[in-house]
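In what follows, chains carry the letters A, B, and so on, assigned in the order in which the sequence lines appear, proteins first and then strands, with residues in each chain numbered from 1.
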Amino acid sequence: MGLTPRFTHPWDLSPAEAQALQRKLARRVRFEVPERMETVAGLDISVRGEQGRAAAVVWHVDRQQVLEHVAVEGTVSFPYVPGLLSFREVPLLLQALAQLRTTPDVLMVDGQGLAHPRRCGLATHLGVLLDHPAVGVAKSRLFGRHAEPGPEKGSWAPLYDDGEVIGAVVRTRTGVRPVYVSVGHRMTLEAAVALTLRCTTRYRLPEPTRLADQLSRA
DNA sequence: GCGACAG
DNA sequence: ATCTTGTCGC
């Protein structure tokens, strides 16, 4: 039922252990253009104290409509630590994905993918565990340097770490603050940027993650 | 020592 | 992220 991880690992890790694990997970990332990208599952989570609510909204890209949505609640114990966000959010997101009736072609996460100090942001961590196509779309920067993208919708600038391109700063709406797109797993940066733009209608954030955010805090 | 720092 | 109403700016 739904998407289930190919493998798992301990979650009660020390910061040092968590970082070591991220380096190992990053080595498993694969780059490819997904066979299908018709349905996208937007994922997000909201937390109040120790209680969290994760939401998954499956969006049909061409029809621009929601096909399915689920929400699950649970305890979130890992604290927020810049660079270790996935250890706080992945457990509950996996619970939500397991409840889906359908299998989305791509996962769109509210956070970074490879645009991370150890190339293992939330989208990468989740994508690798599920071995499923994933893209990260964050509202702000965690890591990397970049120029200001053009002001029109669709323009974007590469996000670099030294000479390596780790993501893209994308203008989803004219004159609006850009979003940070990066590959999570089984994806290419070009396809991730194109998909993000195709999923964006009248708001700054693409519909999948925007709706998931809305549902998670409802 | 001083910033920066996804959500 | 979360705490929270009105309000500054294009």
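- The shortest distance between the side-chain N/O atoms of A:Arg141 and the OP1/OP2 oxygens of B:dA6 is not below 4.0 Å.
- In summary, of the residues considered (A:Val66, A:Val40, A:Thr201, A:Thr200), a side-chain contact (heavy atoms from CB on, under 4.5 Å) with A:Glu207 occurs for A:Thr201 alone.
- Counting any heavy atom pair closer than 4.0 Å across all strands shown, A:Gly136 reaches no nucleic acid atom.
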Note to self: Taking Watson-Crick (N1-N3 plus N6-O4 or O6-N4) and G-U wobble (N1-O2, O6-N3), each under 3.5 Å, can you produce the dot-bracket string of DNA chain B? Use [ ] for crossing pairs and | for inter-strand ones.
What the structure shows: .......
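- When heavy atoms are screened at a 4.0 angstrom cut-off, A:Leu43 is found touching no nucleic acid atom at all.
- Remark: C1' of C:dT2 and CG of A:Asp213 are 12 Å apart, rounded to the nearest angstrom.
- As rounded to whole Å, 15 Å separates atom C1' of B:dA4 from atom CG of A:Asp161.
- Among all heavy-atom pairs drawn from A:Glu35 and A:Glu32, the shortest one is OE2-OE2, 4.1 Å.
- The NE2-C1' distance, from A:His116 to B:dA4, rounds to 14 Å in whole Å.
- For the pair A:Tyr180 and B:dA6, the ring geometry does not qualify as stacking, because the centroid separation below 5.5 Å and plane angle under 30° are not jointly satisfied.
- For A:Ser46, whose side chain is taken as the heavy atoms from C-beta onward, the closest listed nucleotide among B:dG7, B:dC5, C:dT2 is C:dT2.
- Of the possible donor and acceptor atoms, one in the side chain of A:Asp105 sits under 3.5 Å from a partner among the backbone N and O of A:Glu38.
- Checking the phosphate oxygens (OP1, OP2) of C:dA1, a side-chain nitrogen or oxygen of A:Arg217 falls inside 4.0 Å.
- Residues A:Asp44 and A:Arg210 are not paired through a salt bridge, judged by the lack of any N-O separation under 4.0 Å between the basic side chain and the carboxylate.
- Between A:Lys139 and B:dG7, a side-chain N or O to OP1/OP2 separation shorter than 4.0 Å is present.
- By the 4.0 Å N-to-carboxylate-O rule, A:Arg171 lies close enough to A:Glu148 to be salt-bridged with it.
- The nearest whole Å value for the distance from the CZ atom in A:Arg48 to the P atom in C:dT2 is 9 Å.
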Next item on the list: Take A:Arg119 and A:Leu114 through the test side chain to side chain contact (heavy atoms under 4.5 Å, CB included) and record every step on the way to the result.
Entry: CA-CA 4 Å; A:Arg119 307 294 186 274; A:Leu114 294 179; 4.1 Å; yes
Checklist line | Stepwise side chain to side chain contact (heavy atoms under 4.5 Å, CB included) test for A:Thr196 and A:Thr172 | finding: CA-CA 8 Å; A:Thr196 296; A:Thr172 53; 4.2 Å; yes
Check: Using Watson-Crick and G-U wobble pairs with both distances under 3.5 Å, what is the 5'-to-3' dot-bracket string of DNA chain C, with [ ] for crossing pairs and | for pairs outside the strand?
Finding: ..........
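- Atom CG of A:Leu126 and atom C1' of B:dG7 are 14 Å apart (whole Å).
- How far CG of A:Leu107 is from OG1 of A:Thr209: 12.5 Å, rounded to the nearest 0.5 Å.
- Between A:Ser140 and B:dC5 there is no side-chain N or O to OP1 or OP2 distance below 4.0 Å.
- A:Gln22 places its CD atom 14 Å from the P atom of B:dA6, with the value rounded to the nearest Å.
- At whole-Å resolution of the value, CG in A:Leu205 and P in B:dG7 are 9 Å apart.
- Using a 30° and 60° split on the angle between ring planes, A:Trp11 and A:His125 fall in the parallel class, below 30°.
- Side-chain atoms of A:Arg204 come within 3.5 Å of backbone atoms of A:Pro178 as a donor-acceptor pair (strictly under, hydrogens ignored).
- As a whole-Å value, the separation of A:Asp110 CG from B:dG7 C1' is 7 Å.
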